[in-house]
2 protein chains.
Amino acid sequence: MAGMSLRHAVLGLLAEAPGSGYDLMRVFNLSLANVWPATQSQVYGELNRLAEAGLVEVADEGPRGRKEYAVTDAGRAELRHWMIDVEPNRVQRSDLLLRVFFLGQLSRAEAAAYLRREGDLAAREHDVLLKLREEVTSEKDACDEDGERGSGKDGGKDPDGLTTHGLLALEWGLRATRAAKDWADWAVEQLDAIELREGSGGGRAGDAGQLDGG
Amino acid sequence: MAGMSLRHAVLGLLAEAPGSGYDLMRVFNLSLANVWPATQSQVYGELNRLAEAGLVEVADEGPRGRKEYAVTDAGRAELRHWMIDVEPNRVQRSDLLLRVFFLGQLSRAEAAAYLRREGDLAAREHDVLLKLREEVTSEKDACDEDGERGSGKDGGKDPDGLTTHGLLALEWGLRATRAAKDWADWAVEQLDAIELREGSGGGRAGDAGQLDGG
DNA sequence: GTTGACATGTAATTGGTTACATGATTAG
DNA sequence: CTAATCATGTAACCAATTACATGTCAAC
């Protein structure tokens, strides 16, 4: 019963602003894409389950069968409970680090190539996030100057609270990708040290003499 | 069809050294606990599926129905393929960061408490990993001085290749937890800045006068 | 002879992904 | 009238978690 975070993601988004499943999907595909991705079928299913549990309700109906959901008091209580009382999940699976464990199965050159590739990927991801931050902050500044604060037509598209605190999450992404890049560089250096310690008699990892190739 | 990393975790471990499901479980619960945790039922199931697919085989049978598995050539090929050609999964779900997105639903004091708690947790995790590294490196040094290199009775418990490259993964853990702590400290400071920008008229985040109660 | 470690499995449930299926409304 | 967007759902499958179930062997 621990977890169920999709449920709380939906609850949290609706707590910021009421919306339809379709509205939520936009947020899941943009703001939350790197934090808690979700598919369409998941979201619609969860909305129905939440409604059944009384944590959200259909506040309005629109064209094309649109159902606009809003959190109930019970929903708000559940959200608070989850945020304050529930231990965040500390388990993180990483197939990237899993490969690192088995680097001994590759030649030293292949292992180094793997780590360099990961470093590059992290660096590129870092750049993407930097650009994202620029976009988001410039949009937000424009909004702030309009005096739009959580009301008006754009309220659903760019709810103030979400981008504001979303920026904290984005900063985490920036720091994590930076750390990943630094780590990868460091790890490549370490390979040499391992090579030396284990000697060329150490087996498979020392076999390949060519250091720079593919 | 992307993913299936449990399969490759098992394959990778058997590539380092043959072993039974029971042997593998020890590794999953220790070395791999923070990288790719797996349950007993998963591992035994996967071993059967791997055997059926011809990627591993029962190399030996022992007392109590023990089946010692070893990778086949096909298995080794599949492992290499996964390590070199398959894109690591970049999607990471984080209910921790998900909560950060919704911090606007809490009072400023509650939000700060949440971030401080996360910072503390990261710091404690960092310490745990530091101690783990000490243990592992001292054990490994002892092993090295014994001249035990991947053979003998302890070979299965502490396969050289695993701890060697496992240390790279451990270092990633150290850097990640350090970064998490730094980020949390930074984020707490940011809350004040947000408070100022949004003013006390900004809504819910400033509403709650009672900062400690339910 | 009983306890604890060794050893392997099944079943039920949950959460997530992919693919499929359908239809209403609006803008050009 | 036609294409894009809006809008909601179902079904099949896969991966992971939890709980249950069973039995052997060694040491004391």
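Residue numbers start from 1 in every chain, and the chains themselves are labelled A, B, ... in the order their sequence lines are given, proteins ahead of strands.
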Minimum-distance nucleotide to [X] side chain [options: [options]]:
X       : options               : result
B:Tyr44 : C:dA7, D:dA7, D:dA16  : C:dA7
A:Arg93 : D:dT17, D:dA15, D:dT8 : D:dT17
A:Ser20 : D:dA16, C:dA7, D:dA7  : D:dA7

Is a donor on one side and an acceptor on the other found under 3.5 Å between the side chain of [X] and the backbone of [Y]?
X        : Y        : value
B:Gln105 : B:Phe102 : no
A:Arg93  : A:Val91  : no
A:Arg99  : A:Asp95  : yes
B:Asp23  : B:Ser20  : yes

In whole angstrom, give the distance that lies between atom [atom1] of [X] and atom [atom2] of [N].
X       : N      : atom1 : atom2 : value
A:Asn89 : C:dG16 : CG    : P     : 11 Å
B:Leu6  : D:dT17 : CG    : C1'   : 13 Å
B:Met4  : C:dT18 : CE    : P     : 14 Å
A:Asn29 : D:dA7  : CG    : P     : 15 Å
A:His8  : C:dG15 : NE2   : P     : 11 Å

Item to check | Salt bridge B:Lys131-B:Glu134, side-chain N to carboxylate O under 4.0 Å | outcome: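 B:Glu134 and B:Lys131: not salt-bridged.
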Item to check | Any pair counted as side chain to side chain donor-acceptor pair (under 3.5 Å), so long as it reaches residues 171-181 of chain A, sequence neighbours left out | outcome: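 Passing the test, one end in residues 171-181 of chain A: A:His126-A:Thr177, A:Arg133-A:Glu171, A:Glu171-A:Arg175, A:Lys181-A:Asp185.
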Checklist entry - So which of residues 47-60 of chain B are in contact with DNA chain D, with a heavy-atom cut-off of under 4.0 Å? => result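 None - not one residue of the stretch has a heavy atom sitting under 4.0 Å from the strand.
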Item to check | Whether over 12 other heavy atoms sit under 6.0 Å from A:Asp73 CG | outcome: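 No, CG of A:Asp73 has 12 or fewer neighbouring heavy atoms, counting only those of other groups under 6.0 Å.
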Next on the checklist: When you compare the side chain of B:Tyr114 with that of B:Val188, does any pair of heavy atoms fall below 4.5 Å?
Outcome noted: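 When only atoms from C-beta onward are counted, B:Tyr114 and B:Val188 do not touch, as no gap falls below 4.5 Å.
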Next on the checklist: So B:Trp183 and B:Val100, do their side chains get closer than 4.5 Å, heavy atoms only?
Outcome noted: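 Result yes, sub-4.5 Å side-chain heavy-atom pair found.
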Just the atom pairs and distances: protein N or O near nucleotides 18-25 of chain D's N or O, under 3.5 Å.
from: D:dT18; atom 1: O4; to: B:Ser41; atom 2: OG; distance (Å): 2.6

Checklist entry - Taking for each residue the nucleotide of DNA chain C with the nearest heavy atom, is it A:Ser5 or B:Arg66 whose nucleotide lies nearer the 5' end? => result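 Nearest nucleotide further toward 5': that of B:Arg66.
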